[in-house]
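As structure tokens, the structure follows; a few thoughts come after it.
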Amino acid sequence: MAALCRPFPFLLFLLSFIACQAKPAQNHTISLSFPLTSLRFSPHVEFQTLDPSLVSVSKHAPRRQPRRWPSSSPYNYKTTFKYSMALIVALPIGTPPQTQQMVLDTGSQLSWIQCHNKAPKKPPPTASFDPSLSSSFSVLPCAHPLCKPRIPDFTLPTSCDQNRLCHYSYFYADGTLAEGNLVREKFTFSRSQSTPPLILGCATDTSEDKGILGMNLGRFSFASQSKISKFSYCVPTRRSQAGVSPTGSFYLGENPNSRGFQYINLMAFPQSRSMPNMDPLAYTLPMQGIRIGAKKLAIPVRVFRPDAGGSGQTMIDSGSEFTYLVDEAYNKVREEVVRLVGPRLKKGYVYGEVADMCFDGNPTEIGRLIGDMTFEFERGVEITADKQRILADVGGGVHCLGIGRSNMLGVASNIIGNFHQQNLWVEFDLANRRVGFGKADCSRAV
């Protein structure tokens, strides 16, 4: 895992373009939040520039208005996604629409797609976006206020390229670089339902065919720009068979299953700008504790809450595969696992440089000995991973508890990853600033 190039990493936030632009992209496995998923970037990417004739000119800087979430969504849309280590959703973009595969990521802001020109230097992926085929596509020029903000926005570092177009560089927490031009484009759900042109990244690395659907609380996330009031997804149980990806459900707008959901309010931190380790755009939850089996671990509640510097924040992130805990919490979990199944631990083995509770033995038997794992939140809301699925198959006959040390990622936060969101509806109710949970068999059509 590449080291972060600033000492106070915002989770899945961009690192400063000025500080990092000289740093080459690394050939690491990219998790699109953390380094445990299976998408790869080439270490030597040739970035193409887009046609300047497609530039969208903005003569006047728009007035900044306080952002308010609408009480209802302007459209309702249901689709599915494929789940292995990430949630891969296919969305129709452009006019006429071109289907693009994107990683559903509640931990990042900028949405971006893979683009190519008519005459690329190398053959583009079959699913990459062709701007020349869309009548609603335009490119942001350097003169756009987003490209030259009065106050530097370190969550979206931009610069001018040689064609006077707005260029972005996006560094993820694992050191992976994504870059290209900022553009405007519509999501076209049907003939009667489409978003206005949204600001997206148009990545010109033609070696990849998956982008990111950024869904955090930032003003340039898809959720914010499209003015949806809520969205939800249901992560199916992952399978160990090679090449098999189960299907989950994804709603933009109302979810007919929400009547039985249990909700907890998001935590708010008005002073977050003075908290260097805080990710103010993340979905921060009031976590209370952890149980293994019937035993509640002796972890103080303060461990799951941000301190004066922002360390200890607990967030839910669909773009992170595993769950990550700060040392004080991780050590208590490991202490209990060692007590229960210590002799069965794979000694000296650390998966992905972050997870060291791994086993060679029968995962069903080991899971039975450990028991269910439960994350407790305010108002009695719980997320439980039952004993049959607390271990992740990481290959080679090895299974690991789906929990890693967050400090090994260079972050000081607790993150609930998608591994612990299986068979669970997760609804982000933006209008009411809350997150809802509902148990479900997500492998079935819901």
Checklist entry - Is the F250-Y77 ring centre distance short of 6.0 angstrom? => result no
To the nearest 0.5 angstrom, please state how far the [atom1] atom of [X] sits from the [atom2] atom of [Y].
X: Q98; Y: S128; atom1: CD; atom2: OG; result: 8.5 Å
X: W112; Y: L200; atom1: CH2; atom2: CG; result: 12.0 Å
X: D307; Y: M278; atom1: CG; atom2: CE; result: 10.0 Å
X: C166; Y: L146; atom1: SG; atom2: CG; result: 5.5 Å
X: L409; Y: F322; atom1: CG; atom2: CZ; result: 11.5 Å
X: Q101; Y: I88; atom1: CD; atom2: CD1; result: 7.0 Å

So, does [X] use its side chain to make a donor-acceptor pair with the main chain of [Y] at under 3.5 Å?
X: S406; Y: S413; answer: yes
X: N423; Y: C442; answer: yes
X: N414; Y: V326; answer: yes
X: T188; Y: G94; answer: yes
X: T195; Y: K186; answer: no
X: S108; Y: G214; answer: no
X: E179; Y: A203; answer: no
X: N76; Y: E254; answer: yes
X: H167; Y: S159; answer: no
X: N418; Y: S318; answer: yes

If you compare all heavy atoms of [X] against all heavy atoms of [Y], which two are closest, and at what distance to 0.1 Å?
X: G367; Y: K387; answer: O-CB, 3.2 Å
X: Q422; Y: T237; answer: OE1-CA, 3.3 Å
X: R291; Y: E382; answer: NH1-OE2, 2.8 Å
X: F428; Y: V435; answer: CD2-CG2, 4.0 Å
X: M315; Y: D279; answer: CE-CB, 4.4 Å
X: Q421; Y: D317; answer: NE2-O, 3.6 Å

Could you label the plane-to-plane angle of the [X] and [Y] rings as parallel, tilted or perpendicular, counting under 30° as parallel and over 60° as perpendicular?
X: H420; Y: F375; answer: perpendicular
X: W425; Y: F261; answer: tilted
X: F222; Y: F189; answer: perpendicular

With a 4.5 Å limit on heavy-atom distance, are the side chains of [X] and [Y] in contact?
X: V394; Y: C400; value: yes
X: R184; Y: H144; value: yes
X: L285; Y: F304; value: no
X: L104; Y: M215; value: yes
X: L91; Y: T99; value: no
X: M373; Y: V333; value: yes
X: F81; Y: P236; value: yes

Next on the checklist: Apply side-chain hydrogen bond (donor to acceptor under 3.5 Å, both in side chains) to residues Y330 and N407 and explain how you reach the verdict.
Outcome noted: CA-CA 10 Å; Y330 187 91; N407 75 333; over 6 Å; no
Is a salt bridge present between [X] and [Y], judged by a nitrogen-to-oxygen distance below 4.0 Å?
X: D386; Y: R389; answer: yes
X: R434; Y: E427; answer: no
X: R238; Y: E321; answer: yes
X: R305; Y: E378; answer: yes

Checklist entry - Between T374 and T384, does a side-chain hydrogen bond (donor to acceptor under 3.5 Å, both in side chains) hold up when you go through it step by step? => result CA-CA 4 Å; T374 301; T384 297; 3.0 Å; yes
Checklist entry - What's the verdict on ring pair (Phe, Tyr, Trp, His ring centres under 6.0 Å) for Y233 and Y251, showing C-alpha distance, side-chain angles and the deciding distance? => result CA-CA 6 Å; Y233 55 77; Y251 281 93; over 10 Å; no
For [X] and [Y], does a side-chain donor sit closer than 3.5 Å to a side-chain acceptor?
X: S134; Y: E185; answer: yes
X: K82; Y: T247; answer: yes
X: N216; Y: T106; answer: no

Checklist entry - What's the verdict on ring pair (Phe, Tyr, Trp, His ring centres under 6.0 Å) for Y263 and F437, showing C-alpha distance, side-chain angles and the deciding distance? => result CA-CA 6 Å; Y263 291 90; F437 300 100; 8.7 Å; no
Item to check | Criterion side-chain contact (heavy atoms from CB on, under 4.5 Å) on D372 and I390, from CA distance to verdict | outcome: CA-CA 7 Å; D372 299 343; I390 61 169; 6.0 Å; no
Next on the checklist: side-chain hydrogen bond (donor to acceptor under 3.5 Å, both in side chains) for S221 and Q109? Distances and angles first, verdict last.
Outcome noted: CA-CA 4 Å; S221 73; Q109 179 175 201; over 6 Å; no
Item to check | Test log, rule side-chain hydrogen bond (donor to acceptor under 3.5 Å, both in side chains), inputs K78 and S249 | outcome: CA-CA 7 Å; K78 179 192 175 185; S249 296; 4.6 Å; no
Next on the checklist: Set out, in order, the CA-CA distance, both residues' side-chain angles and the distance that settles side-chain contact (heavy atoms from CB on, under 4.5 Å) for V183 and F137, then state yes or no.
Outcome noted: CA-CA 7 Å; V183 304; F137 180 91; 3.5 Å; yes
Checklist entry - Run the side-chain contact (heavy atoms from CB on, under 4.5 Å) check on F187 and L213 step by step: do they pass? => result CA-CA 11 Å; F187 285 70; L213 186 68; 4.2 Å; yes
Checklist entry - Among all residues two or more places apart in sequence or in another chain, which pass the side chain to side chain donor-acceptor pair (under 3.5 Å) test with S232? => result N255
Item to check | disulfide (SG to SG under 2.5 Å) between C142 and C147, intermediate numbers included | outcome: CA-CA 6 Å; C142 284; C147 203; 4.8 Å; no
Next on the checklist: I'd like to know whether I93 forms a side-chain contact (heavy atoms from CB on, under 4.5 Å) with I113, so could you lay out the CA-CA distance, the side-chain angles of the two residues, the decisive distance to 0.1 Å, and finally the verdict.
Outcome noted: CA-CA 9 Å; I93 299 177; I113 54 178; 3.6 Å; yes
